There are 2 protein chains.
Amino acid sequence: MDDGSRAPSSPPTLHDVAREAGVSVATASRALNGSTRNVRSENVSRVRAAAARLGYEPHLSAQAIAKGSTPTVALVVRDVADPYFSSIAAGVTEAAEAARLIVTMAVADRSPERELEIVRTLRGQRPRVIIVAGSRVDEGPDGDKGGPATREALADELEQYRTAGGRVVLISQRDLPFGTVTIDNHGGSRRLAGALLGLGYRRFAILRAPDAIRTSRERVAGFLAGLGSAGPAEPLVVETEFTREGGYDAARALAERGLGDVEIVFAVNDVMAIGAMTALRDAGITPGAGVAVAGFDDIGSAVDVFPGLTSVAVPLRDAGRQAVRLALSDGGAREVRIETEVVVRASTPPRRA
Amino acid sequence: MDDGSRAPSSPPTLHDVAREAGVSVATASRALNGSTRNVRSENVSRVRAAAARLGYEPHLSAQAIAKGSTPTVALVVRDVADPYFSSIAAGVTEAAEAARLIVTMAVADRSPERELEIVRTLRGQRPRVIIVAGSRVDEGPDGDKGGPATREALADELEQYRTAGGRVVLISQRDLPFGTVTIDNHGGSRRLAGALLGLGYRRFAILRAPDAIRTSRERVAGFLAGLGSAGPAEPLVVETEFTREGGYDAARALAERGLGDVEIVFAVNDVMAIGAMTALRDAGITPGAGVAVAGFDDIGSAVDVFPGLTSVAVPLRDAGRQAVRLALSDGGAREVRIETEVVVRASTPPRRA
DNA sequence: TTGTACGCGTTATCAT
DNA sequence: ATGATAACGCGTACAA
């Protein structure tokens, strides 16, 4: 009974196309991919027609093995569902598709070890490019978490890949010897701090992520630099997760044990800041009125929360695009710097002195 | 000058490993992948050690060509940066990695034609599974937009892929003959309408997307069904884009030309609803107080906007997971149904009659 | 248990 | 311009 579930027949190969068109495989190959110029136009159309008739699609793996590498860009992110990374991913896919490259994506959510494992198996894919965004494997000031061992292993792995002819680009992680797209975290938060001082704020709380995350470190450092050592009161620094929940929990805890004289909460990214806003509101404190809030990244929803979230705009999608361009451009381990820009919104109203 | 940019040397192959370990390629292959049992454990460790020493990674394309298919799941989405799709993508990658499968992702942002093109080249990848989420290629009631031609071509393409042994799963698109993860859009919005009637709302505006998008059609139909034909006043239906901007623009236009007696705006997804909330606020109307707002999907930020957005929860991440499971399970074109649940928040306060 | 040899689908080299 | 044929790296019958 022919119920639609036929036995899987293998897809047509170049041989089939050649036979159908009455030419050799070599000619068929040339007609479809290679130097079309050296094939009689009549044969070209014959082959093309045969291919269409059979529904032929070249076997990418076979091409890859014959040519050497796969037309793919491998992207490693910490969490696709996080708007930070999905924006980068959007930029990467955009640029990759423009260069007729396929994007493969892996999520290193769990741990630095997982990230290492991913890069290892990625090497097996022989992609043209590997892009690692927002790694956790990073020497903290005390060289903790990710662990120098894991870090070394990752660098080794990437180095082997590069030695074999692959291109490596890191996003936001300056101190490994590869092509890098850096985001001006330090400058951005420094200027943000300046802007907030200008608005009249003096007593700060900072929600930061664990030290293993370089982005967080840089943003905190920049912010403190912007406040100036001789400046206002010592800010209250709280460590939490680098996620919306982390921001919520930290702000909640803060509100419950009393905010004291804190006038404004700066979270090192927007998802944390937005979580914090909700936590404050849940605790009966109106963001913007009771306590001001500022974030970093200027993700899409920053304009849709209420009040609008003051933040530092990072053109993440562009960062993704640049990463691909950097990888594809010749020339050694260069660096592309992504500039950031302070965006003041209603979550940090001017404060009269 | 050895400035770090050595000539790219080719990566070690199984031959190299075999030689290094002093065994044949066959033994090396068996030791690393296949039937480990039939290899002297001494040789197993020798081979493993040699592989580690050389930093060997098996060439996936070569394995693929020897075995027949690639250990990958290909995912097609409309837009990675949209939380709807990035949540699905998160679920897909989670389940795929659990099955030791690589995820390749393509974005069909532009057009149905682009989607067709993508699926075509995807076939060349010989993935184990193709998952298409939120296609635009879909017969509208009037069979417009995507065009029956493109639609047919896509179905053909997928059918050829399946005939060749591939697994196809569609997310939220019931009427193509493939495995499908359907989301209870109709039921969800029907119940939402019921809940809103129960809260006292009688005069509705609906923000919907173009008919080519099945999800939108179903949600509108369900909502109208929930209102009941003999019910309240004829709702005002506005067509716009299926994006945050679409929601913003439509609500803005609505507010500018006067909302009349509209009590509540239902947008067919949350990003539209959230855009609409901001538009209303920009027009001086407080969401929840002046006009109520409801959406669909219950994306993460629904709880972080103010007031909290009433919506219909869709376990998107789970949908992604299920899609992979469905694809991997044996058995023909089955269907997995994802249930939805109304979540009432402050954006639709009870209305006294 | 191990090794030899062939096949997978494609491109590239070398004749013709 | 075209057609054999040898790679490419790996898995796996088959033979030893």
Side-chain angles (χ1 to χ4, degrees), chain A residues 8-48 50-51 54-72 121 123-127 164-165, chain B residues 8-47 50-51 54-71 121 123-128 164-166:
Chain A
S9 78
S10 43
T13 74
L14 192 56
H15 272 89
D16 301 327
V17 175
R19 186 157 22 86
E20 175 88 6
V23 299
S24 73
V25 265
T27 304
S29 173
R30 287 187 277 248
L32 293 176
N33 296 301
S35 36
T36 314
R37 251 170 271 282
N38 307 336
V39 181
R40 260 188 19 226
S41 65
E42 188 195 318
N43 274 342
V44 172
S45 37
R46 276 160 93 103
V47 172
R48 291 230 175 103
L54 267 44
Y56 167 78
E57 277 300 319
H59 195 306
L60 248 48
S61 293
Q63 288 188 327
I65 206 179
K67 287 180 168 167
S69 84
T70 332
T72 67
T121 73
R123 267 181 50 213
Q125 233 188 97
R126 305 290 191 278
Chain B
S9 79
S10 44
T13 74
L14 192 55
H15 272 89
D16 301 327
V17 175
R19 186 157 26 82
E20 173 88 7
V23 298
S24 75
V25 267
T27 304
S29 172
R30 286 187 276 250
L32 293 176
N33 298 299
S35 34
T36 315
R37 251 171 273 280
N38 307 334
V39 180
R40 261 187 20 225
S41 63
E42 187 195 318
N43 275 342
V44 172
S45 37
R46 276 159 93 102
V47 172
L54 267 44
Y56 168 77
E57 278 298 320
H59 195 306
L60 248 47
S61 293
Q63 289 188 326
I65 206 178
K67 286 181 169 165
S69 84
T70 332
T121 73
R123 267 181 51 212
Q125 231 189 94
R126 304 290 191 276
R128 206 96 83 208

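By convention in this document, chain letters (A, B, ...) are assigned in the order of the sequence lines, proteins followed by strands, and residues within each chain are numbered from 1. None of the values given here were measured: they were computed from a predicted structure.
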Taking only N and O in the side chain of Asn33(A), is any of them less than 4.0 Å away from OP1 or OP2 of dT10(C)? no
Presence of Ser24(A) side-chain N/O under 4.0 Å of dG3(D) phosphate oxygens OP1/OP2: yes
Round to a whole Å and report the spacing from NE2 of His15(A) to P of dT10(C). 9 Å
Can you tell me how far CZ of Arg19(A) sits from OG of Ser24(A), rounded to the nearest 0.5 angstrom? 13.5 Å
Please tell me which of the listed nucleotides, dT2(D), dT10(C), dG7(C), lies nearest to the side chain of Arg40(A)? dT2(D)
Select base, sugar-phosphate, or nothing to describe what Ser29(B) touches, counting heavy atoms under 4.0 Å on all strands. base
For atom CZ of Arg19(A) and atom P of dG9(C), their distance in whole Å: 12 Å
Specify the separation, in whole Å, of atom CG of Asp16(B) and atom C1' of dG9(D). 10 Å
Does OP1 or OP2 of dT2(C) have a side-chain N or O of Asn43(B) closer than 4.0 Å? yes
From CD of Gln125(A) across to C1' of dG9(D) the rounded distance in Å is 16 Å
Walking DNA chain D from its 5' end, the first of Thr27(A) and Leu14(B) to be reached, judged by nearest nucleotide, is Thr27(A)
In whole angstroms, how far is the P atom of dC14(D) from the CZ atom of Arg30(B)? 14 Å
Write down the distance between NE2 (His59(A)) and C1' (dG9(D)), rounded to a whole number of angstrom. 13 Å
Can a side chain N or O of Gln63(B) be found less than 4.0 Å away from OP1 or OP2 on dC10(D)? no
Give Ile65(A) one of three labels, base, sugar-phosphate or nothing, depending on what nucleic acid heavy atoms sit under 4.0 Å from its own. base
